[in-house]
K.L.:
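Mind looking over this structure? Questions follow.
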Amino acid sequence: MAAQTFTQEFGYRLGRGLRRAGSGYLRYECQATGWLSGQCVPAALTTSLLWGVKLALLGAVLYVAFWLAILVAVVMLAAVWADQHLDLDWTADEPEWKEGHSGFGLYDKSEWRIDMPGPDEI
């Protein structure tokens with residue numbers, strides 16, 4: 001049997017957690033329906049109350065998703081701004097062409113020429 005990757009294992013665990021949460025909600029809904037019918041609440045009102053709870057939960061999930069999307073957008077905008085406005089010198093370690101102790105050539109950061117001419121070029 002092959003070992004599962006982290007993302008596969010995370011997906012399986014997330015799916016199991018969502019399934020358990022959904023079955024827990026359905027169990028709670030069934031208990032609430034039984035309790036409300038035991039209190040002589042009409043079936044139409046019970047259905048309305050349960051739909052109200054479902055809509056409230058959906059609203060809460062959408063509210064959290066909205067603010068999470070805003071947070072991701074702000075982080076992405078900050079990254080783009082930093083990329084455009086901050087002067088990060090990523091080329092400091094690259095060799096450069098210049099006149100050095102061994103003549104004109106390509107030198108690294110420690111002043112050693114890395115493109116020494118061949119014997120026929122001297």
Side-chain angles (χ1 to χ4, degrees):
M1 178 181 274
Q4 293 179 345
T5 62
F6 173 74
T7 55
Q8 288 175 332
E9 184 177 338
F10 177 74
Y12 290 139
R13 288 183 182 204
L14 181 64
R16 271 199 313 257
L18 289 175
R19 183 184 66 221
R20 291 181 72 193
S23 64
Y25 172 78
L26 289 176
R27 186 172 49 249
Y28 172 74
E29 185 177 313
C30 185
Q31 288 175 354
T33 304
W35 183 79
L36 287 172
S37 66
Q39 301 296 319
C40 297
V41 176
L45 185 58
T46 302
T47 304
S48 300
L49 287 173
L50 293 177
W51 272 104
V53 169
K54 288 178 187 178
L55 288 175
L57 287 174
L58 178 65
V61 167
L62 290 176
Y63 180 78
V64 169
F66 170 76
W67 285 109
L68 185 61
I70 292 292
L71 178 66
V72 168
V74 166
V75 167
M76 289 178 64
L77 287 173
V80 168
W81 180 88
D83 182 44
Q84 292 176 353
H85 291 89
L86 297 180
D87 185 25
L88 301 175
D89 188 16
W90 297 104
T91 61
D93 294 338
E94 290 185 8
E96 60 181 294
W97 292 96
K98 64 181 180 178
E99 185 71 36
H101 54 83
S102 297
F104 182 80
L106 189 63
Y107 287 86
D108 63 3
K109 66 178 182 174
S110 60
E111 298 295 323
W112 287 95
R113 187 168 177 184
I114 56 176
D115 72 328
M116 294 302 288
D120 57 341
E121 297 176 10
I122 299 178

K.L.:
With sequence neighbours left out, write down each residue that passes side-chain hydrogen bond (donor to acceptor under 3.5 Å, both in side chains) with E96, or none if nothing qualifies.
P.N.:
none
K.L.:
Taking ILVMFWY side chains as joined if any heavy atoms are under 4.5 angstrom apart, and letting links pass through other members, which residues group with F104?
P.N.:
W97, L106, I114
K.L.:
Show me, pair by pair, the donor-acceptor contacts under 3.5 angstrom made by side chains of residues 14-28, not counting sequence neighbours?
P.N.:
{"from": "S23", "atom 1": "OG", "to": "R19", "atom 2": "O", "distance (Å)": "3.2"}
{"from": "S23", "atom 1": "OG", "to": "R20", "atom 2": "O", "distance (Å)": "3.0"}
{"from": "Y25", "atom 1": "OH", "to": "E29", "atom 2": "OE1", "distance (Å)": "3.2"}

K.L.:
Tracing side-chain links under 4.5 Å among I, L, V, M, F, W and Y, which residues wind up in one group with L36?
P.N.:
W35, V41, L45, L49
K.L.:
Listing request: all salt bridge (Lys or Arg N to Asp or Glu O under 4.0 Å) pairs with a residue in residues 62-83, at least two apart in sequence or in separate chains.
P.N.:
none
K.L.:
Just to verify, what does K98 make a side-chain hydrogen bond (donor to acceptor under 3.5 Å, both in side chains) with, not counting sequence neighbours?
P.N.:
E111
K.L.:
Give me the other members of the hydrophobic cluster that V72 sits in, counting Ile, Leu, Val, Met, Phe, Trp and Tyr linked by side-chain heavy atoms under 4.5 Å, directly or via other members.
P.N.:
M76
K.L.:
Taking ILVMFWY side chains as joined if any heavy atoms are under 4.5 angstrom apart, and letting links pass through other members, which residues group with W51?
P.N.:
none
K.L.:
Look at the side chain of R113 and the backbone N and O of Y107, then say whether any donor-acceptor pair between them is shorter than 3.5 Å.
P.N.:
no
K.L.:
For H85, give me all partners under side-chain hydrogen bond (donor to acceptor under 3.5 Å, both in side chains), at least two apart in sequence or on another chain.
P.N.:
W81
K.L.:
Could you tabulate the donor-acceptor pairs under 3.5 Å formed by side-chain atoms of residues 56-71, not counting sequence neighbours?
P.N.:
{"from": "Y63", "atom 1": "OH", "to": "W67", "atom 2": "NE1", "distance (Å)": "3.4"}

